[in-house]
*Asks:* 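I have a structure here, written as structure tokens, and I will follow up with some questions on it.
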There are 2 protein chains.
Amino acid sequence: MSKILPSVDEYIPHLAYDSVIFGFNGEQLKILILEYHNTGLFALPGGFVRQNENLDDAVKRGLKERTGLDNIYLEQFHTFGDLSRPDPDVMRTILEANDHEVEEGNWLLDRFISVAYYALINYNSVEPKPDELSDSINWYAVDKLPPLMMDHGKIVEKALETLRNNLEKKLVGMNLLPSKFTMKELQLVYEAVLGEKLRRTTFQRKILGLDILKRHEKLFTGAAHKAPYLYSFKNKAPIEHQEHA
Amino acid sequence: MSKILPSVDEYIPHLAYDSVIFGFNGEQLKILILEYHNTGLFALPGGFVRQNENLDDAVKRGLKERTGLDNIYLEQFHTFGDLSRPDPDVMRTILEANDHEVEEGNWLLDRFISVAYYALINYNSVEPKPDELSDSINWYAVDKLPPLMMDHGKIVEKALETLRNNLEKKLVGMNLLPSKFTMKELQLVYEAVLGEKLRRTTFQRKILGLDILKRHEKLFTGAAHKAPYLYSFKNKAPIEHQEHA
DNA sequence: TATTATTGTCTCATTTTGTTACAATAATAC
DNA sequence: GTATTATTGTAACAAAATGAGACAATAATA
């Protein structure tokens, strides 16, 4: 065995998490997808929960390892627990492609229940790092994802659905944009999440009416037109988790 | 040992579910709470997941055992995975009060991650049955719950919050009322869930505007006033789970 | 037959949202 | 400089949704 696999003693068996990490590149909504060595398999970044750590903390630990970011907006959205979801053959393929010998009965081949989270991060503040088993980790536009292994496609769907539902009440834009941004950029985030065009004047009036933005200096891009204002959220720093008080 | 405990071989270790079962008695929103023998401990009905059954099916099985109902509206809303949530002392108390000898290391004393669901049922169609470990199972108004053990109070809070958020889009009323009901009853459901009074005329206009109700004969209660119409949801039978196609 | 409580509906005021219009710019072309 | 171009910020009006009150139509009962 060439590399060290996670051991069953350290982790809770049958329990995993998967994360849908959203970023916005100025035009499109994107997701971080990793590809396993020599398998052509694409998957969501995920991991396991240590015996002595909170579920939420396990996910934060995984995100930190992959993105280097510490204070990430994170929201749990669903737990996937169907018998049909895990696929031991897929798992075996991944392990064997990494030169792990896999004995029958290895805990990684068992049934897994997965708790799914989505994260919102600032696209530009991150240089994603692959983990030991995976080749690469890259951004993919949500409408141009490669075929994902197991039920990861469904997980992404549900994440998008939840994100859409939370768009208004959770100030999603705050976490996908840099601290200063134009109204146009904010609108593009909304459009990318909702998957539909919005009317400029109505959007602007509505957002300004919420009284959550602070206006700053103008942004001179060098383009031949009126320079837009920059805004930031009044509500200070991007918030990691708007939790029940 | 006087009774048979669930065995670790049959179930997935460290994984449980809890259910918040809502009912509406015509006035108040209520929840089914069970009380364990000789302990004074109140808890949500919950259970474990068999090695070879879907997570959702485990919950349905538990609900069926407790309510006798088969086709229950069920929605998963959160997974609770903090280290601090399980309390081995509480679990031991419950088991010992039922004359179970509890050896150190029994799986039931381990850490548990719990997937929480809420269910909506027709209050009158049910005669709740206690399980083997519990004394009684009873309806409690959501604003008059006894103190619940462990983190079950938080679970109820989150369930209510989710129910409120889903009220509009999931046709909650459909599952909490009998098949025919008056406009007033429907309004009472909305008020109970939202925790606030609604304006009668506005409510009526809005609901009728949704074009989801079918009007039937009048209901003569014997009261000294105009008899209200009975309505039913056009959308036929109460739906078990409005799932992603 | 008058009284009472409640229901169904209408009307008008208020608020919110949709839509169009237009002035104010920051470049660039001349 | 001055006209041109693309975009932005905001105002103005129309349309739609919601809030609030009024009122006629009952099923009993007194």
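Chain letters run A, B, ... following the sequence lines, proteins first, then strands; residues in each count from 1.
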*Asks:* Output the rounded distance in Å from OH (B:Y229) to P (C:dT6).
*Replies:* 19 Å
*Asks:* Rounded off to whole Å, could you give me the CD-to-C1' distance for the A:Q204 and C:dA24 pair?
*Replies:*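 To the nearest whole Å, that distance equals 14 Å.
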*Asks:* Got a salt bridge between B:D18 and B:R85, using NZ or NE/NH1/NH2 to carboxylate O under 4.0 Å?
*Replies:*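 Looking at B:R85 together with B:D18, the answer is yes, because their closest N to O distance falls below 4.0 Å.
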*Asks:* Is the terminal nitrogen or CZ of B:R215 (NZ for Lys, CZ for Arg) located under 6.0 angstrom from the six-membered ring centre of B:Y231 and within 45° of that ring's axis?
*Replies:*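 Not satisfied by the 6.0 Å and 45° rule.
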*Asks:* Do the side-chain N and O atoms of B:T79 and A:T79 include a donor-acceptor pair separated by under 3.5 angstrom?
*Replies:*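 Yes, side-chain donor-acceptor contact under 3.5 Å.
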*Asks:* Please enumerate all residues that pass ring-ring contact (aromatic ring centres under 6.0 Å, His included) together with B:Y36, with sequence neighbours excluded.
*Replies:*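 Result, ring-ring contact (aromatic ring centres under 6.0 Å, His included) vs B:Y36: none returned.
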*Asks:* In whole angstrom, give the distance that lies between atom CG of B:L230 and atom P of D:dA27.
*Replies:*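 Going from CG in B:L230 over to P in D:dA27 covers 13 Å.
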*Asks:* Counting only distance, no hydrogens or angles, is the base of C:dG18 paired donor-acceptor with the side chain of A:R205 under 3.5 Å?
*Replies:* yes
*Asks:* Should the pair A:K158-A:D151 be classified as a salt bridge under the 4.0 Å nitrogen-to-oxygen rule?
*Replies:* no
*Asks:* May I ask you to say whether B:R61 pairs ionically with B:E53, meaning some side-chain N is under 4.0 Å from a carboxylate O?
*Replies:* yes
*Asks:* If you take any heavy atom closer than 4.0 Å to DNA chain D, which residues from residues 193-202 of chain A end up in contact?
*Replies:*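 Within residues 193-202 of chain A, the residues near DNA chain D are A:R200, A:T201.
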*Asks:* Using atom CD of A:E185 as one end and atom C1' of D:dT7 as the other, report the distance to the nearest whole Å.
*Replies:* 14 Å
*Asks:* Do the ring planes of A:Y140 and A:F42 sit parallel (below 30°), tilted (30 to 60°) or perpendicular (above 60°)?
*Replies:*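 Judged by the thresholds at 30° and 60°, the geometry between A:Y140 and A:F42 is perpendicular.
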*Asks:* Is there a side-chain polar atom (N or O) of B:K218 under 4.0 Å from OP1 or OP2 of D:dA27?
*Replies:*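 Checking B:K218 against D:dA27: at least one side-chain N or O falls below 4.0 Å of OP1 or OP2.
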*Asks:* Can you run through DNA chain D from 5' to 3' and write each base as (, ), [, ], | or . depending on how it pairs? Watson-Crick or G-U wobble, both distances under 3.5 Å.
*Replies:* ||||||||||||||||||||||||||||||
*Asks:* If you find the nucleotide of DNA chain C closest to A:A227 and the one closest to B:T182, which residue's nucleotide is nearer the 5' end?
*Replies:*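 That would be B:T182.
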*Asks:* In terms of ring plane angle, is the pair A:F22 and A:Y118 parallel, tilted or perpendicular, where the classes change at 30° and 60°?
*Replies:* perpendicular
*Asks:* With a 4.0 Å cut-off, would you call A:E161 and A:K154 a salt bridge?
*Replies:* no
*Asks:* Atom CZ of B:F220 to atom P of C:dT6: distance rounded to whole Å?
*Replies:* 17 Å
*Asks:* Nearest whole angstrom, please: distance from the C1' of C:dA26 to the CD of A:E217.
*Replies:*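 In whole Å, C:dA26 C1' lies 16 Å from A:E217 CD.
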*Asks:* Rounded to the nearest angstrom, tell me the gap between atom NZ in A:K206 and atom P in D:dG9.
*Replies:*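 My rounded result for the distance is 19 Å.
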*Asks:* Should the side chain of A:K226 and the base of D:dT8 be counted as holding a donor-acceptor pair, with the cut-off at 3.5 Å?
*Replies:* yes
*Asks:* Could you give the NZ-to-P distance, from A:K184 to D:dG9, as a whole number of Å?
*Replies:* 11 Å
